[in-house]
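From a predicted model like this one, the values you see are computed outputs, not experimental measurements.
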Amino acid sequence: MLMAHPVVLHMLVEQYEALRAADAVNGGSDGPEARRLEDVAYTLCVATGTTDVEAALAAARGRLPGARPADGAVPGS
């Protein structure tokens with residue numbers, strides 16, 4: 001499977017979080033921001049090989065520099 005570059009993942013996570021916050025403030029409108037939120041969520045899923053946005057966010061965050069394994073284990077120890 002192709003892996004998205006960490007910079008791309010970081011950018012997508014930031015965009016998703018900003019759009020989700022704006023969507024919450026706007027009461028979940030059906031405007032262009034809502035469509036952009038759907039687009040970014042879809043792109044996150046494709047970039048991480050997942051089908052659920054929460055799984056995509058977790059996968060993306062896990063691939064970012066400085067991420068630690070979900071179980072708390074330290075690689076190489």
> Would a 4.5 Å heavy-atom cut-off, applied to side chains only, mark Cys45 and Thr51 as touching?
Replying inline: no
> Tell me the salt bridge (charged side-chain N to carboxylate O under 4.0 Å, His left out) pairs involving residues 38-49, sequence neighbours left out?
Replying inline: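 Found Arg35-Glu38, Arg35-Asp39.
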>> Show the nearest heavy-atom pair for residues Arg63 and Ala47, with the distance to one decimal.
In response: NH1-O, 3.6 Å
> Linking Ile, Leu, Val, Met, Phe, Trp and Tyr through side-chain heavy atoms less than 4.5 Å apart, which residues share a cluster with Val53?
Replying inline: Val8, Leu12, Val13, Tyr16, Leu19, Leu37, Val40, Leu44, Leu57
